[in-house]
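Below is one structure, written out as structure tokens; the observations come after it.
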Number of protein chains: 2
Amino acid sequence: MSPEPMRDESAFLASYDPRAYDPVAVTVDVVALTIRDDALHVLLVRRGGAPFEGMWALPGGFVHAGGRREAEDLPDAAVRELAEETGLSAKGGLLGRVHLEQLGTYGTPGRDPRMRIISVAYLAFAPELPDPEAGGDAADAAWVPVGALGLTESGDQRPGTTRRLAFDHARILTDGLERARDKLEYTPLATAFCGGEFTIPELRAVYEAVWGEELHAGNFHRKVLSVPGFVESTGATSDKGGRRGGPRPRLYRAGDARLLHPALLRPSREEEIR
Amino acid sequence: MSPEPMRDESAFLASYDPRAYDPVAVTVDVVALTIRDDALHVLLVRRGGAPFEGMWALPGGFVHAGGRREAEDLPDAAVRELAEETGLSAKGGLLGRVHLEQLGTYGTPGRDPRMRIISVAYLAFAPELPDPEAGGDAADAAWVPVGALGLTESGDQRPGTTRRLAFDHARILTDGLERARDKLEYTPLATAFCGGEFTIPELRAVYEAVWGEELHAGNFHRKVLSVPGFVESTGATSDKGGRRGGPRPRLYRAGDARLLHPALLRPSREEEIR
DNA sequence: TTATGTTCTTCTCATATCGAGATGAACTCA
DNA sequence: TGAGTTCATCTCGATATGAGAAGAACATAA
């Protein structure tokens, strides 16, 4: 096909006999985040086999590439692994309302001791879900508070942290958390952490959990209502007041905006600028 | 290793005999952008072989995964392909000042008619570079104005466009352009399109080319100088005035900011919000 | 029941930022 | 030399933000 067929041997071989080319496998890993007890949690599974047996890892696995089974798209593989390893979809379409987006691809040689593995990471925002049930390769599965993982800015875990993460999953999770913090600023994705109806204080709790800092309640309230399409009123009022008193807050649902304009900038951003 | 070894056959096999698993290949594709004649250009190569022979494509190729040759990291593969197919690095480290970041991964079954191929796309911002020279698999290579490709918002090319793009490269390019437009808002990456020293009007030309709309010169000037760390003055002045008159503008270089605060929001964003 | 403290929601006010326009000086080109 | 263009700065009204205050509604404990 090419005028000089042997000029680029690798491409030539790959075109005709894929098995003769460098062996490589593709996996998906999912950073699934939710809010529990006003704290940000990530879904982790405990590995039942080598390598890194007994350590915790992001749910994930090999993509069905199309050899002996049907070829599946990358997002489908992410949802399937989430379901298989945690049993979260069997319980009546619980994964239907989760927001899923691609986070990035990690392929540094040596990141998996078995072979060259390219992992496509996905980021999921979920409202509060029940506890997962281990399945597939997982010996255990649980929602874990991200604060208990001792993550540093450089993508490592602080020494002494009990729950160690396998592979480069500390880096992937760190990148996912940074993405989540950014997206809350200029998209209405915080509503993906809430149910169908929510109150402004609940929405504020999401921002405070993800950003890890308290917000000015009055200004937050004004801001959310002033951004067009962020939330729309249901007209109803919550049937209970706050957990420690206060009037019954009003109920809202997600609006039709895809971008927040103007954005909801987080206060302590000065340090990250340089 | 696992208590019931045959429970997940795919993972089991992949651990021990990669060749027995679904055949899949990993490639990198690069969306390299630059400004020429006040217009945004993308680096394209014309395919010398099947499939899509004669059509234009993003520079890219297979990742050296580590079989018979040394395993390479994904960003290294992107730089290598950029060099091989366009000859841009041979000319004295021309690619040294290029900003490179991962754009996304494209792996929908059927996107390559030969086999299952997962492509990791990279986005590159480059100052004005010389014309490329075709090499490797490429029959030709050129900087092409993105306006001449007839891209639609949905990632297709308008009927009647002469330069057709191979594979799903129209979608990848569309995603790259959207990322570039976004990044110009809140990062100082526009300076990556300029040389070491530049003037405020030159920087404004970059924004106008990428965003495709004219900006208010006075407000842009005030804004750039008011954002801490965006640019720093060299003290010098350009030796020539504007192309059509006007005083000699002052010279600046990129500052040390990694984020623009406050951001430089583009004017016509209202339409994209919903 | 009453008292106390918490929370929701809406204000106010000073400050910061933004869009649009105007101005004068410096420069190119005819 | 004159006309037109551009750089750089300024003004002004409109809009957004941060910090604080206040009243009403509610939970909890005495």
Side-chain angles (χ1 to χ4, degrees), chain A residues 38 185-186 194 197-208 211 213-252 257 259-270 273, chain B residues 38 185-186 194 197-208 211 213-228 230-252 259-270 273:
Chain A
D38 289 336
E185 285 194 303
Y186 53 93
C194 304
E197 296 191 347
F198 51 88
T199 68
I200 306 274
E202 281 170 4
L203 191 62
R204 176 162 49 86
V206 171
Y207 276 90
E208 290 177 336
W211 286 350
E213 54 189 323
E214 293 193 349
L215 300 177
H216 186 292
N219 290 342
F220 182 86
H221 198 277
R222 172 184 61 185
K223 181 78 182 169
V224 167
L225 293 186
S226 75
V227 173
F230 192 3
V231 299
E232 58 185 32
S233 174
T234 67
T237 299
S238 175
D239 52 349
K240 286 183 181 176
R243 270 167 302 194
R244 291 188 296 186
R248 297 197 292 244
R250 303 197 189 122
L251 287 171
Y252 299 84
L259 254 47
L260 301 185
H261 184 76
L264 250 153
L265 299 176
R266 74 183 119 146
S268 62
R269 207 117 160 70
E270 317 291 334
I273 291 177
Chain B
D38 289 335
E185 286 194 303
Y186 53 92
C194 303
E197 297 190 346
F198 51 88
T199 68
I200 305 272
E202 280 170 5
L203 191 63
R204 177 162 48 87
V206 171
Y207 276 90
E208 291 177 335
W211 286 351
E213 53 189 324
E214 293 193 350
L215 299 177
H216 186 290
N219 290 342
F220 182 84
H221 197 276
R222 172 183 62 185
K223 182 80 183 172
V224 168
L225 294 186
S226 75
V227 174
F230 193 4
V231 300
E232 58 186 30
S233 174
T234 67
T237 300
S238 176
D239 54 347
K240 286 185 181 177
R243 270 167 302 193
R244 293 186 294 186
R248 297 196 292 244
R250 301 192 192 128
L251 287 171
Y252 298 84
L259 253 46
L260 301 184
H261 184 76
L264 251 152
L265 299 175
R266 75 181 118 147
S268 63
R269 206 114 159 75
E270 317 291 335
I273 290 178

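Convention: sequence-line order gives letters A, B, ...; per-chain numbering from 1.
In this structure, B:H216 places its NE2 atom 15 Å from P of D:dT9, rounding to the nearest Å. The distance from atom CZ of A:F230 to atom C1' of D:dA16 is 17 Å, rounded to the nearest whole Å. Taking atom NE2 of residue A:H261 and atom C1' of nucleotide D:dT15, one finds them 11 Å apart after rounding to whole Å. Atom-to-atom, CZ of A:R266 to P of D:dG18 comes out at 14 Å; the value is rounded to the nearest Å. Taking atom CG on B:N219 and atom C1' on D:dT15, their separation rounds to 14 Å, with Å as the unit. Here the C1' atom of nucleotide C:dG21 and the CZ atom of B:R222 are 11 Å apart, to the nearest Å. Rounded to a whole Å, the CG atom of A:L215 is 10 Å from the P atom of D:dG18. The interatomic distance linking A:L265 (CG) with D:dG18 (C1') rounds to 13 Å, in whole Å.
Ionic pairing of B:D38 and B:R243 is present here: one or more N-O contacts between side-chain nitrogen and carboxylate oxygen are shorter than 4.0 angstrom.
Counting only heavy atoms from C-beta outward, the side chains of A:L215 and A:P267 approach each other to under 4.5 Å. Counting only heavy atoms from C-beta outward, the side chains of A:I200 and A:F220 approach each other to under 4.5 Å.
The CD atom of B:E202 lies 7.0 Å from the OG atom of B:S238; values are rounded to the nearest 0.5 Å. How far CZ of B:R204 is from NE2 of B:H216: 10.0 Å, rounded to the nearest 0.5 Å. Between A:Y252 atom OH and A:T199 atom OG1 the span is 9.0 Å, to the nearest 0.5 Å. Remark: A:L259 CG to A:F230 CZ distance equals 11.5 Å, nearest 0.5 Å.
Residues A:A217 and B:A263 each lie close to DNA chain C; by heavy-atom proximity, the contact nearer the 5' end of the strand is made by A:A217. The residue among B:G218 and B:S226 whose nearest nucleotide of DNA chain C lies closer to the 5′ end is B:S226.
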### Query
Where along nucleotides 24-30 of chain C does protein come under 4.0 Å, by heavy atom, of base (B) or sugar-phosphate alone (S), with - for untouched nucleotides?
--BBS--
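Of the candidates C:dC18, C:dG21, D:dG18, the closest approach to any side-chain atom of B:P262 belongs to C:dC18.
Residues from residues 197-206 of chain B placing a heavy atom under 4.0 Å of any atom in DNA chain D, listed by number, are B:P201, B:R204.
Heavy atoms only, all atoms of each residue included: A:W211 and A:L264 are closest at CH2-O, 3.2 Å. For B:E185 against B:L260, the heavy-atom pair with the smallest separation is O-CD1, 3.9 Å.
Between B:H221 and D:dA8 there is a side-chain N or O to OP1 or OP2 distance below 4.0 Å. Between C:dT10 and A:R250, a contact under 4.0 Å exists linking OP1 or OP2 to a side-chain N or O. Phosphate proximity of C:dT17 to B:K223: absent, as no side-chain N or O sits under 4.0 Å from OP1 or OP2.
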